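For reference, the structure is listed below as structure tokens.
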Protein chains: 2
Amino acid sequence: MGKLGLWQSIAEMLLDDIGQKKLKAGEKLPTELMLSKRFGVNRHTVRRALQHLAEKGIVWSKRGSGVYLKAPPTEYPIGTRVRFSQNLTLDGRLPTRKTLTLEIRAASVEERNALNVVDNGKVLAYSGISFADGQPIALFNSIFDPLRFGRLIERIKVNNSVTKSLNDCGITDYTRAWTKITAHLADPVKANHLQINDGQPLLCTTSLNIAPDGTPIEYGKTFFSAEHVVLSHSDDLSYS
Amino acid sequence: MGKLGLWQSIAEMLLDDIGQKKLKAGEKLPTELMLSKRFGVNRHTVRRALQHLAEKGIVWSKRGSGVYLKAPPTEYPIGTRVRFSQNLTLDGRLPTRKTLTLEIRAASVEERNALNVVDNGKVLAYSGISFADGQPIALFNSIFDPLRFGRLIERIKVNNSVTKSLNDCGITDYTRAWTKITAHLADPVKANHLQINDGQPLLCTTSLNIAPDGTPIEYGKTFFSAEHVVLSHSDDLSYS
DNA sequence: TAACCGTGGACAACTAGACAAATCTAATTT
DNA sequence: AAATTAGATTTGTCTAGTTGTCCACGGTTA
């Protein structure tokens, strides 16, 4: 058993603090300068310890702001009936959403093909961040037909829920027609939103939700933080 | 293999939006505050990205108002027959004019020499802004002999066109005797009119239009925004 | 000697907040 | 109806604090 390096001892002390709940999930750690004074070492040594904790997925650092404690991973089921709130509630988490954009704008080629109902090239785009217990776990981007769901903008603002807002628009039920899953690397902006480091892997699901009569309702693309989410599909998963 | 800074990624995303026509020429971009929320960064970081786009001549910001998308450069031919509307129409642009001043006033020495017909030291001065697709591209200043073209004031007010108004005064044709081209820096007033930043370069053309009999008709000085205009001359350009 | 670890400092990049200046909007007054 | 006024909005500027990156230096260890 080799001697512990200086930075390793510091990392363990920080872990002790975390284990003893002196620090809660999402909270900001003392600054590197404060920690270096407290432990009587150089800032670089503290940074080495924090880097270790970051690699283990325990903390996350934001340049210019501070180092923050992360929450543990979430299991996210994918099946024929995908409902954000329901999924997380079942996992014992508190689901939250934060809207980034909610607007009618020009459609991209990809979006046009997916919803194939677009006439004048406009779509209703709803994007934002999904949280579980305050921890950002995904960036979502939903596309709707503005002619059919123009009222959706105001409804989403009120409900903050897609399922409920679609219900207000007469869609009492919808199912997942298909889901494609890919992996990407986080660009700086996505990393920032998801509170992970630039270059970390993302799980990307592209999917289409349809009404019982088969007409397309929602074309969605979601980027999950691979550190925080495990996608799972149950047996009744059916691609029709 | 450059590592992308945060503001660089944001600048690229904004460029994507512009390229995908989600933002149209002349339109106002979302406010810095909205963009900072959308990208999950500090306002200063957004400003850094916008500053980059401004330096590339893609956007233009107006304090207290917003940041606006600029139109791509316009090609403006210079030859023996220079007609504002015709030039821009040929380039596929929609030409517009806005009058700033239209009056009879004392002539400067320079104007007196150019039009050499002035007796009592008065000239008819017509100045304004030229637009292409709503984008201001030039400040023009035309000087006429008030004795010969006194009726021009009312005609221009009606026609909003120099060529047509001269026609109403009996000038069925005129040609460009000579053109001198220089470059200057925009003072704050010119910059404001042209919606560019103070200190940006201007192309300045000084020219004389003459009647077929050789008598001077119009002495003009025009300041083009160098960001928005490329002056071009075709082969038949003749300095007589 | 060579590799490694920690120290020390300088600078860049980003965050955070405050305030000023210009503009825009809407209500009020004339 | 037009002008004025007051408040809110938006960009410009400034100061300060925090993390990221780079270079150089000295001491310890293999």
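Within every chain, numbering begins at 1; the chains are lettered A, B, ... in the order of the sequence lines, protein sequences first and strands thereafter. Computed from a prediction, not measured in an experiment: that's the story for all the values here.
Within the helix from C:dT1-D:dA30 to C:dT30-D:dA1, the inter-axis angle between the opening and closing five-pair segments is 10°, rounded to 10°.
What separates CG of A:Asn197 from C1' of D:dT19 is a distance of 12 Å, to the nearest Å. For the pair B:Arg48 CZ and D:dT13 C1', the computed distance is 16 Å after rounding to whole Å. Atom pair A:Arg47:CZ and C:dC5:P shows a separation of 17 Å (rounding to whole Å applied). In this entry the distance linking CG of A:Leu50 with P of D:dT18 reads 14 Å, nearest Å.
The aromatic rings of B:Phe144 and B:Phe149 sit perpendicular to each other, their planes meeting at more than 60°, with 30° as the lower class boundary. Ring geometry for B:Tyr126 against B:Phe140 counts as perpendicular: the plane angle is over 60°, on a 0 to 90° scale with 30° as the lower cut.
Side-chain contact annotation: B:Ser9 with A:Asp187, donor-acceptor N/O pair under 3.5 Å absent.
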Listing, residues 100-108 of chain A side-chain donor-acceptor contacts under 3.5 Å, not counting sequence neighbours, or none:
| from | atom 1 | to | atom 2 | distance (Å) |
| --- | --- | --- | --- | --- |
| A:Thr101 | OG1 | A:Ser127 | OG | 2.6 |
| A:Arg105 | NH1 | A:Glu111 | OE1 | 3.2 |
| A:Arg105 | NH2 | A:Glu111 | OE2 | 3.1 |
| A:Ser108 | OG | A:Glu111 | N | 3.3 |
| A:Ser108 | OG | A:Glu111 | OE1 | 3.4 |

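Applying the side-chain contact (heavy atoms from CB on, under 4.5 Å) test to A:Ala54 and every residue at least two apart in sequence or in another chain returns A:Val59. In terms of the side-chain contact (heavy atoms from CB on, under 4.5 Å) criterion, residue partners of B:Glu12 (sequence neighbours excluded) are, by chain and number, B:Leu4.
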(request) Apply the test side-chain contact (heavy atoms from CB on, under 4.5 Å) to residues A:Ile10 and A:Leu35: give CA-CA distance (whole Å), side-chain angles for both, the deciding distance (0.1 Å), then the verdict. (result) CA-CA 9 Å; A:Ile10 293 174; A:Leu35 288 176; over 6 Å; no
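Proximity of residues 28-46 of chain A to DNA chain C (heavy atom under 4.0 angstrom from any strand atom) is restricted to A:Val41, A:Asn42, A:Arg43, A:His44, A:Thr45.
Within the structure, every side-chain polar atom (N or O) of A:Trp7 is placed at least 4.0 Å from both OP1 and OP2 of C:dC5.
Screening residues 36-48 of chain A for salt bridge (Lys or Arg N to Asp or Glu O under 4.0 Å) gives A:Asp17-A:Arg38, A:Glu32-A:Arg43, A:Glu32-A:Arg47 as the qualifying pairs, with residues at least two apart or on separate chains.
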